Peer 1: 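Next up is a structure, given as structure tokens.
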Amino acid sequence: MSGGLLVAGTTSDAGKSVVTAGICRWLVRQGVKVAPFKAQNMSLNSFVTKEGAEIGRAQAMQAQACRVEPTALMNPVLLKPGGERSSQVVLLGKPVGEMSARGYHGGRQQRLLGVVLDCLAELRGTYDAVICEGAGSPAEINLRRTDIVNMGIARNAGLPVLVVGDIDRGGVFASFFGTVALLSPEDQALVAGFLVNKFRGDVSLLEPGLDMLRGLTGRPTYGVLPFRHGLGIDEEDGLRISLRGTVRESNVAPPVGEDVLRVAVCAVPLMSNFTDVDALAAEPGVVVRFVDRAEELADADLVVVPGTRGTVRALEWLRERGLAEALVRRAAEGRPVLGLCGGFQMLGEHVEDDVESRRGHVPGLGVLPVRVRFAPEKTLTRPVGEALGERVEGYEIHHGVAEVLGGEPFLDGCRVGQTWGTHWHGSLESDGFRRAFLREVATASGRRFVPSPDTSFAALREEQLDRLGDLIEEHADTDALWRLIESGAPTGLPFVPPGAPGTPGASG
Ligand SMILES: NC(=O)CC[C@H](N)C(=O)O
């Protein structure tokens with residue numbers, strides 16, 4: 001098999017990442033050597049490969065679904081927004097500069113087409129099948145000319161395209177129809193059909209609509225995936241984060257001890273790797289919520305200050321909202337605070353930043369004896385170490401270089417009383433350490449909380465990937481999907497007018 005598929009979506013958040021992961025897991029169970037690919041990802045949730053390349057966490061998760069090691073080839077371009085109008089461009093795992101959206105779409109992006117196609121070709125030469133994920137919608141008519149992630153890839157690599165639609169939002173038929181009808185005849189020739197995602201209720205009620213859609217477009221629906229709670233693993237974030245509520249709806253067991261432990265995560269601007277707290281949320285009896293007001297820290301047993309692509313901006317935000325003061329007070333009272341990466345930097349004495357914000361000397365919260373100087377080079381590593389007598393694995397993605405001047409050592413950062421800070425991401429996924437840390441927090445906050453003795457975060461993640469594989473196996477026409485991946489889009493798919501505006505063959 002030398003197969004391929006592009007999973008596109010009617011919208012962002014239609015479920016492309018999880019559908020791609022589900023297809024990957026299904027194929028690997030069939031004995032297919034499969035890899036994921038996303039030409040360009042916009043996300044602040046990134047991961048570091050073994051070679052020290054930075055890629056989107058979604059592709060790292062999909063690689064795990066494929067049971068292979070993630071590499072930079074799987075996500076050659078990563079855009080990390082630094083505000084509304086500009087992003088850091090990470091190319092083949094390394095940052096190459098900051099670009100305005102206008103400059104990027106005005107030329108730079110198109111010049112990357114060759115690079116991303118080479119990466120895809122290399123993966124296709126190594127694997128039996130490559131399941132590619134698109135971005136946003138393929139029918140963004142303003143961006144089609146310079147596209148390198150949706151139809152731009154499909155056309156160049158001759159990939160069949162499956163369009164995923166989120167029926168939970170409504171309007172899925174119009175979205176499917178419109179997505180096809182706004183593409184040029186050449187693009188349409190690759191769009192093989194649809195996949196309905198997040199469906200609740202009785203499929204027999206949906207079926208007449210799917211028949212009509214087939215009549216209108218000449219294209220079948222390859223499956224109707226039911227809505228399932230808690231399947232949003234390592235998704236992209238764009239600039240949006242879930243401010244309220246838990247990290248994700250989860251199926252966690254009841255608490256073991258008498259008390260629960262309340263964790264408040266400051267929803268700082270440009271929050272990066274908020275997946276760090278997923279491991280806390282997976283722990284029975286730990287209640288995680290994102291907060292943006294000082295009074296919300298009052299009943300928290302642990303406050304997490306997470307990473308951010310804008311350390312200085314996040315510091316200002318903490319000050320404006322009174323959170324800075326509340327954090328300083330907490331630290332003085334010996335109540336637990338954990339700063340991760342950008343959060344760690346903010347807890348220090350000051351930052352010298354001529355790189356990220358270019359604001360020079362900016363005072364920190366001063367609760368940890370740490371000074372941070374931003375460097376143009378990015379630290380990208382996968383450290384292994386020990387804390388609280390337990391082995392810890394992590395990963396680091398930062399420009400700031402910390403000079404630790406005191407406190408007790410803690411994962412290359414430090415700890416003073418109950419204030420903990422480290423540049424490491426992902427440490428809480430190490431089960432022994434997470435339990436030990438939570439016991440410390442429970443003692444410090446006087447809670448009779450007991451961590452469950454056997455939560456394995458890695459096993460939970462595997463379970464999630466298996467559930468995604470099951471979803472495809474049970475609710476998609478896998479025979480048809482297999483043919484599509486193996487043989488490409490069927491010939492003779494009808495053209496649906498009017499087609500892309502301004503292209504030959506379009507009537508409008
Ligand atoms: N991942 C992070 O939190 C990064 C922190 C900070 N923006 C830096 O680059 O150093």
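All values derive from a computational prediction rather than experimental measurement.
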Peer 1: Within the side chain of Asn197, is there an N or O that forms a donor-acceptor pair under 3.5 Å with the backbone of Gly165?
Peer 2: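 Between the backbone of Gly165 and the side chain of Asn197 there is no qualifying donor-acceptor contact (under 3.5 Å).
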Peer 1: Determine whether a donor-acceptor pair (N or O, by modelled atom type, separation under 3.5 Å) exists between the side chain of Gln88 and the backbone of Lys80.
Peer 2: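 Checking the backbone N and O of Lys80 against the side chain of Gln88, no donor-acceptor pair under 3.5 Å is found.
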Peer 1: How far does CG of Leu280 sit from CG of Leu428, to the nearest 0.5 angstrom?
Peer 2: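 Between atom CG of Leu280 and atom CG of Leu428 there are 4.5 Å.
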Peer 1: List, one per line, each side-chain donor-acceptor pair under 3.5 Å for residues 115-130, sequence neighbours excluded.
Peer 2:
{"from": "Arg124", "atom 1": "NH1", "to": "Ala157", "atom 2": "O", "distance (Å)": "3.2"}
{"from": "Thr126", "atom 1": "OG1", "to": "Glu122", "atom 2": "O", "distance (Å)": "2.8"}
{"from": "Asp128", "atom 1": "OD2", "to": "Lys33", "atom 2": "N", "distance (Å)": "3.1"}

Peer 1: So, for Ser357 and Val312, which heavy atoms are closest and what is the spacing to 0.1 Å?
Peer 2: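 That closest heavy-atom pairing would be OG-CG2, 3.4 Å.
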Peer 1: Within the side chain of Thr422, is there an N or O that forms a donor-acceptor pair under 3.5 Å with the backbone of Leu411?
Peer 2: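 Pair found, side chain donor or acceptor close to backbone of Leu411.
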Peer 1: Could you tell me whether a side-chain N or O of Asn273 sits under 3.5 Å from a main-chain N or O of Thr275, the two making a donor and an acceptor?
Peer 2: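 Flag not set: sc Asn273 to bb Thr275 has no pair under 3.5 Å.
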Peer 1: With side chains defined as the heavy atoms from C-beta onward, is the minimum distance between Val224 and Leu206 less than 4.5 Å?
Peer 2: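 Val224 reaches Leu206 side chain to side chain.
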Peer 1: Is it true that, when you exclude Arg155 itself, more than 12 heavy atoms of the residues, nucleotides or ligands shown sit nearer than 6.0 Å to its CZ?
Peer 2: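 Yes, the 6.0 Å shell around CZ holds more than 12 heavy atoms from other groups.
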Peer 1: Is there a donor-acceptor contact under 3.5 Å from the side chain of Gln109 to the main chain of Ile148?
Peer 2: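 Not a single qualifying donor-acceptor pair exists.
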Peer 1: Rounded to the nearest 0.5 Å, how far does CZ of Arg359 lie from CG of Asp354?
Peer 2: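 One finds 12.0 Å between CG of Asp354 and CZ of Arg359.
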Peer 1: Look at Asp470 together with Arg467 and state whether they make a salt bridge at an N to O cut-off of under 4.0 Å.
Peer 2: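 Salt bridge absent between Asp470 and Arg467.
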Peer 1: List, one per line, each side-chain donor-acceptor pair under 3.5 Å for residues 481-499, sequence neighbours excluded.
Peer 2:
{"from": "Trp482", "atom 1": "NE1", "to": "Glu486", "atom 2": "OE1", "distance (Å)": "3.3"}
{"from": "Ser487", "atom 1": "OG", "to": "Arg483", "atom 2": "O", "distance (Å)": "3.3"}

Peer 1: Do Cys266 and Met346 come within less than 4.5 Å of each other through their side chains, counting heavy atoms only?
Peer 2: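 Contact flag for Cys266/Met346 side chains = no.
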Peer 1: Ignoring hydrogens and geometry, is there a side-chain-to-backbone donor-acceptor pair from Thr478 to Glu473 under 3.5 Å?
Peer 2: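 Checking the backbone N and O of Glu473 against the side chain of Thr478, no donor-acceptor pair under 3.5 Å is found.
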Peer 1: Do any N or O atoms from the side chain of Asn75 and from the backbone of Val77 form a donor-acceptor pair under 3.5 angstrom?
Peer 2: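 Yes.
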Peer 1: Nearest 0.5 Å, what's the CZ-CZ distance between Phe227 and Phe199?
Peer 2: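 If I round to the nearest 0.5 Å, the distance is 13.0 Å.
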Peer 1: Is any side-chain heavy atom of Leu44 less than 4.5 Å from a side-chain heavy atom of Met271?
Peer 2: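 SC-SC contact between Leu44 and Met271 ruled out.
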Peer 1: Go through the steps to decide whether Val163 and Thr10 satisfy the test side chain to side chain contact (heavy atoms under 4.5 Å, CB included), and finish with yes or no.
Peer 2: CA-CA 7 Å; Val163 181; Thr10 53; 3.7 Å; yes
Peer 1: Side chain of Lys38, backbone of Gly134: donor and acceptor closer than 3.5 Å?
Peer 2: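 Side chain of Lys38 to backbone of Gly134: a pair is present.
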Peer 1: If you count heavy atoms of other groups shown closer than 6.0 angstrom to CZ of Arg67, is the number above 12?
Peer 2: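 More than 12 heavy atoms, drawn from other residues, nucleotides or ligands, come within 6.0 Å of this atom.
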Peer 1: Start with the C-alpha gap between Trp317 and Asp292, add the side-chain angles, then the distance that decides, and say whether side chain to side chain contact (heavy atoms under 4.5 Å, CB included) holds.
Peer 2: CA-CA 9 Å; Trp317 181 87; Asp292 64 354; 3.6 Å; yes
Peer 1: Is a side-chain donor-acceptor pair under 3.5 Å present for Glu133 with Ser17?
Peer 2: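 Their side chains do contain a donor-acceptor pair, which is all the 3.5 Å distance test asks for.
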Peer 1: So how far is it from Glu98 CD to Glu356 CD, rounded to the nearest 0.5 Å?
Peer 2: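 The CD atom of Glu356 is 8.5 Å from CD of Glu98, to the nearest 0.5 Å.
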Peer 1: What residue among Leu92, Val90, Leu91 forms side-chain contact (heavy atoms from CB on, under 4.5 Å) with Leu78?
Peer 2: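 Of the listed options, the one satisfying the test is Val90.
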Peer 1: Step through it carefully: locate the ring centre of Phe374, locate the ring centre of His399, and say whether they are under 6.0 Å apart.
Peer 2: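 Not close enough - the centres of the two rings lie 6.0 Å or further apart.
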Peer 1: Kindly give the heavy-atom pair with the smallest separation between Asp147 and Gly152, and that separation in Å.
Peer 2: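 Closest approach of Asp147 to Gly152: OD2-N, 2.7 Å.
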Peer 1: Check the pair Arg461 / Asp278 against salt bridge (charged side-chain N to carboxylate O under 4.0 Å, His left out), numbers first and verdict last.
Peer 2: CA-CA 10 Å; Arg461 195 185 282 274; Asp278 282 355; over 6 Å; no
Peer 1: Below 4.5 Å, heavy atoms only, C-beta onward: do Phe173 and Leu210 meet side chain to side chain?
Peer 2: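 Heavy-atom side-chain distance check passes, below 4.5 Å.
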Peer 1: Apply side chain to side chain contact (heavy atoms under 4.5 Å, CB included) to the pair Ile397 and Lys378, showing each step before the final yes or no.
Peer 2: CA-CA 7 Å; Ile397 304 170; Lys378 199 181 230 184; 4.0 Å; yes
Peer 1: Hey, mind stepping through Asp431 and Arg434 against salt bridge (charged side-chain N to carboxylate O under 4.0 Å, His left out) and telling me if it holds?
Peer 2: CA-CA 5 Å; Asp431 299 323; Arg434 181 181 63 251; 2.9 Å; yes
Peer 1: Give a yes or no on this: more than 12 heavy atoms of other residues, nucleotides or ligands lie within 6.0 Å of atom CZ of Arg169.
Peer 2: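 Atom CZ in Arg169 is crowded, with more than 12 foreign heavy atoms closer than 6.0 Å.
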Peer 1: Is there a donor-acceptor pair closer than 3.5 Å between any side-chain N or O of Ser430 and the backbone N or O of Glu393?
Peer 2: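 Looks like yes, one N/O pair under 3.5 Å.
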Peer 1: Return the CD to CD distance between Glu462 and Gln64, rounded to the nearest 0.5 Å.
Peer 2: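 Reported to 0.5 Å precision, the distance equals 5.0 Å.
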Peer 1: Do Arg25 side-chain atoms and Ala65 backbone N/O form a donor-acceptor pair below 3.5 Å?
Peer 2: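 Such a contact is found between Arg25 side chain and Ala65 backbone.
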Peer 1: Let me confirm one number: the CD-SG distance from Gln62 to Cys132, rounded to the nearest 0.5 Å.
Peer 2: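 Those atoms lie 10.0 Å apart.
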Peer 1: Looking only at heavy atoms, which two atoms of Thr221 and Val196 are closest? And how far apart?
Peer 2: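 Thr221 and Val196 have their closest heavy atoms at CG2-CG2, 4.1 Å.
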Peer 1: Take Glu396 and Trp424 through the test side chain to side chain contact (heavy atoms under 4.5 Å, CB included) and record every step on the way to the result.
Peer 2: CA-CA 5 Å; Glu396 293 183 52; Trp424 294 25; 3.4 Å; yes
